[in-house]
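Reviewing the structure listed below.
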2 protein chains.
Amino acid sequence: MHPRIIDTLKRRQLSITDSRKKILELFLERKAALAHADIEQHSGDEFDRVTIYRTLQTFVEKGILHTIPSADNSVKYALCKDACTEGHHHDNHVHFMCDACGITYCLDHVTVPAVQLPPGYQVHQLDLVASGTCIKCQ
Amino acid sequence: MHPRIIDTLKRRQLSITDSRKKILELFLERKAALAHADIEQHSGDEFDRVTIYRTLQTFVEKGILHTIPSADNSVKYALCKDACTEGHHHDNHVHFMCDACGITYCLDHVTVPAVQLPPGYQVHQLDLVASGTCIKCQ
DNA sequence: ACACAAATGCAACTTTGTTGCAAAATAAAT
DNA sequence: ATTTATTTTGCAACAAAGTTGCATTTGTGT
């Protein structure tokens, strides 16, 4: 088991349960964004669907995961960096979705450039999703 | 009826039907992005749910509408500018989603800035969604 | 080991999206 | 203007995705 799992849960005062450990581990080892359906498959009927929904929701609320918007009604989740505060991710990194393999990555080292909005608009969050061909699918 | 409706449909060689006229009119008069559910409500049981799904799909394929990604599993649709070619919108404008009133706008005059991706990634599309407080909700 | 709190699983349900096909509406041809 | 061909619609049935309440189980702190 990945050493960061217990720590991550304890720091948020979350009970340490099998499903939470397993789901966190999935994210830590895959290093890519996962949709609810992906988790359901890879956890092999170990947990109830409802448990997965609730776990993902809790992880987002506690700042362990963040959601990645998509244009096809399939929200994905990805690990927040530790700096994230609870509730949102503030580091505004770019997401990349590969059209070929379908994998979505957080490009942690690419930051979203500033945009100049018309006067009167207050921005709280910026999400930039790039899609195309990833480095493995060239 | 808005004068552009018939023209927009004819140019794409689409049959001119009640549902298509009505749905196009909704977008033209609201000037904001609409989700499937919004359309279902505002067309008042006039059309079958299936017809709305198919109409939206057709409009996206024909370049009349484009989709706006979201992080909450509720894809929205918005009118393409006339310059759009069929299939996608190429003008890469910014989208703004207001947390207060829930309305999503296309900011047609704000373009997505270039981002420098790591070598090996080929970008075909960039989507930038800003969220916060819109000019009416300050 | 015990009591309390929290999380899970189950069942039932709602909402959302899809598919095939007959009926209806639109477009094209005569 | 009427007929024929094509396209679109509505219905029904279904599949998938997400939600809620509640009893049972699991985890936490003493």
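Nearest heavy-atom pair, B:Tyr77 versus B:Phe27, reported as atom, atom and distance to 0.1 Å: O-CE2, 3.1 Å.
Straight-line distance from the CG atom of A:Leu14 to the P atom of C:dA6: 11 Å, rounded to whole Å. Between B:Ile16 atom CD1 and C:dA24 atom P the separation is 23 Å, expressed in whole Å. Distance B:Tyr53 OH to C:dG17 C1': 5 Å, rounded to the nearest Å. Atoms CG (B:Asp18) and P (C:dA27) sit 11 Å apart, rounded to a whole Å. Atoms CD (B:Gln57) and P (C:dG17) sit 12 Å apart, rounded to a whole Å. Between the P atom of C:dT8 and the CG atom of A:Asp45 lies a distance of 17 Å, rounded to the nearest Å. For the pair B:Ile6 CD1 and C:dT26 C1', the computed distance is 12 Å after rounding to whole Å. In this structure, CG of A:Asp48 is placed 10 Å from P of C:dA11, rounded to the nearest angstrom.
You'll find a donor-acceptor pair under 3.5 Å spanning the side chain of A:Arg49 and the base of D:dG18, going by distance alone. You'll find a donor-acceptor pair under 3.5 Å spanning the side chain of A:Arg54 and the base of C:dG9, going by distance alone.
At the phosphate of C:dT8, OP1 or OP2 sits under 4.0 Å from a side-chain N or O atom of A:Thr17.
Each of D:dG18, C:dG17, D:dT9 was ranked by its minimum atom distance to the side chain of B:Thr55; first place goes to D:dT9. Checking C:dG17, D:dG10, C:dA7 against the side-chain heavy atoms of A:Arg20 singles out C:dA7 as nearest. The side chain of A:Val50 sits closest to C:dC10 out of C:dC10, D:dT9, D:dG18.
Remark: the backbone N or O of B:Arg4 is not paired with any side-chain donor or acceptor of B:Asp7 at under 3.5 angstrom. When atom types are taken as modelled, the side chain of A:His124 and the backbone of B:Ser131 share no donor-acceptor pair closer than 3.5 angstrom.
The distance from the CG atom of B:Leu107 to the CG atom of B:Leu128 is 9.5 Å, given to the nearest 0.5 Å.
Between B:Lys21 and B:Glu40, the one whose closest nucleotide on DNA chain C sits nearer the 5' end is B:Glu40.
Heavy atoms from other residues, nucleotides or ligands lying under 6.0 Å from CD of B:Gln116 number 12 at most.
As judged by a 4.0 angstrom heavy-atom cut-off over every strand, B:Ser19 is placed among residues touching the sugar-phosphate backbone only.
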